[in-house]
Peer 1: 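First the structure, then my questions, so here it is.
By convention here, the first residue in the shown sequence is residue 1. Ligands are counted one by one from 1 in listed order, and the atoms in each one are counted from 1 as well.
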Amino acid sequence: MALPFPLADPDAEAIEAGRHLFAQGAEFLKGVVAMSGLPPDDRVEVCFAGRSNVGKSSLINALTGRKNLARASNTPGRTQEINYFALGDSRYMVDLPGYGFAEAPVAVVRQWQALLKQYLQGRVTLRRAFVLIDTRHGVKAVDEEILTLLDRSAVTFQVVMTKADKVNRATREANVAQVMQALQKHPAAYPEIVVTSSEKGEGVETLRAIIATLQ
Ligand SMILES: Nc1nc2c(ncn2[C@@H]2O[C@H](COP(=O)(O)OP(=O)(O)OP(=O)(O)O)[C@@H](O)[C@H]2O)c(=O)[nH]1
Ligand SMILES: [Mg+2]
């Protein structure tokens, strides 16, 4: 029986397109704190969303092969702006503020949530939101909130599981299955997931290929 949410498996042509795209180089463009600060919507854009500390910045670094491009910190909630990266001259990659950071002041959380909502609902060139889920934990209640927001915003989202190097095979399989199950009730879910490790490079080629084939 075919799984409703199989693992992404791009063909050789897509892998090559991904390699080519990322070979063009990536640059940090700007950090945005309000919709008025967004760059012109003149190219395909993807964003990375996920709980604080899930590995968003590390994944952007792994994709671009640049150790410190997106600040990967040990301090949860540090990336508080919408950070724009230009990939060659044809794509934007966007590092979103992490959610679920319990120690952040309520007013700050509200402000992020409002901006996140405006961004997801208002950015016409946003082609896909990658929602990062920790392979150690699977989908949690706090993740469900953003999945529901994406459903309502009609933004296609694709789950990228992170930190796969931190779990054994049994946990990995159990949590991949848990994610596949959780996605069934989300109409905006793209029906393939990607398992990654920024540390080991697993899944990085696949994700590059996916980003390169979005039009
Ligand atoms: N072992 C391992 N550690 C990882 C991996 N990805 C990220 N980490 C670690 O997890 C921590 C958080 O990673 P970040 O990339 O800063 O997470 P983030 O989602 O950008 O966090 P915020 O910006 O605070 O929302 C760092 O200590 C990373 O080194 C991975 O694939 N494997
Ligand atoms: Mg970050």
Peer 1: I'd like the name of whichever of Asn83, Leu132, Asp165 reaches closest to atom 32 (N) of ligand 1 through any heavy atom.
Peer 2: Asp165
Peer 1: Give the numbers and elements of all ligand 1 atoms closer than 4.0 Å to a heavy atom of Lys56.
Peer 2: 15 (O), 17 (O), 18 (P), 19 (O), 20 (O), 21 (O), 22 (P), 25 (O)
Peer 1: Output the list of atoms in ligand 1 that are nearer than 4.0 Å to some heavy atom of Gly55, sorted by atom number.
Peer 2: 7 (C), 13 (O), 14 (P), 15 (O), 17 (O), 18 (P), 19 (O)
Peer 1: Below 3.5 angstrom, do we get any N/O pair linking Leu59 and ligand 1?
Peer 2: no
Peer 1: Using heavy atoms and a 4.0 Å limit, tell me yes or no: is Thr162 in contact with ligand 1?
Peer 2: no
Peer 1: List every atom of ligand 1 that sits less than 4.0 Å from any heavy atom of Ser58, numbering the atoms from 1 in the order shown and giving each element.
Peer 2: 6 (N), 7 (C), 13 (O), 14 (P), 15 (O), 28 (C)
Peer 1: Can you tell me if Gln158 uses its side chain to pair, donor with acceptor, with the backbone of Glu192 under 3.5 Å?
Peer 2: yes
Peer 1: Answer side chain, backbone, both or neither: which part of Lys200 comes under 4.0 Å from ligand 1, heavy atoms only.
Peer 2: neither
Peer 1: Under a 4.0 Å N-O cut-off, is there an ion pair linking Arg19 with Glu16?
Peer 2: yes
Peer 1: In terms of atom number and element, which parts of ligand 1 are under 4.0 angstrom from non-hydrogen atoms of Lys166?
Peer 2: 1 (N), 2 (C), 3 (N)
Peer 1: Would you say the side-chain atoms of Asp41 pair up with the backbone N or O of Val124, donor to acceptor, closer than 3.5 Å?
Peer 2: no
Peer 1: Is Arg127 salt-bridged to Glu45, cutoff N-O under 4.0 Å?
Peer 2: no
Peer 1: Can the positive tip of Arg51 be found less than 6.0 Å from the middle of the six-membered ring of Tyr99, inside 45° of the ring normal?
Peer 2: no
Peer 1: Which one holds for Asn53 and ligand 1: side chain close, backbone close, both close, or neither close, with close meaning a heavy atom under 4.0 Å?
Peer 2: both
Peer 1: If the condition is ring pair (Phe, Tyr, Trp, His ring centres under 6.0 Å), which residues does Tyr190 pass it with, not counting sequence neighbours?
Peer 2: none
Peer 1: Is the side chain of Asp165 donor-acceptor paired with the backbone N or O of Ser197 at a distance under 3.5 Å, no angle test?
Peer 2: no
Peer 1: Give a yes or no on whether a salt bridge exists between Glu144 and Lys140, defined as a side-chain N under 4.0 angstrom from a carboxylate O.
Peer 2: no
Peer 1: Would you say Gly50 contacts ligand 1, with heavy atoms under 4.0 Å as the rule?
Peer 2: no
Peer 1: Does Glu202 pair with Arg172 as a salt bridge, N-O distance under 4.0 Å?
Peer 2: yes
Peer 1: Lys163 versus ligand 1: do any nitrogen or oxygen atoms come within less than 3.5 Å of each other?
Peer 2: yes
Peer 1: Run the numbers for me: atoms of ligand 1, each under 4.0 Å from some heavy atom of Gly98, listed by number.
Peer 2: 25 (O)
Peer 1: Decide, counting backbone as well as side-chain atoms, whether Ser52 has an N, O or S atom less than 2.8 Å from the Mg ion (ligand 2).
Peer 2: no
Peer 1: Taking only heavy atoms of Ser197 into account, list the atoms of ligand 1 that are under 4.0 Å away from them.
Peer 2: 31 (O)
Peer 1: Run the salt-bridge test on Lys163 and Glu199 with the 4.0 Å N-O cut-off and return the result as yes or no.
Peer 2: no
Peer 1: I want to know if ligand 1 touches Thr196 in the polar sense, i.e. an N/O pair below 3.5 angstrom.
Peer 2: no
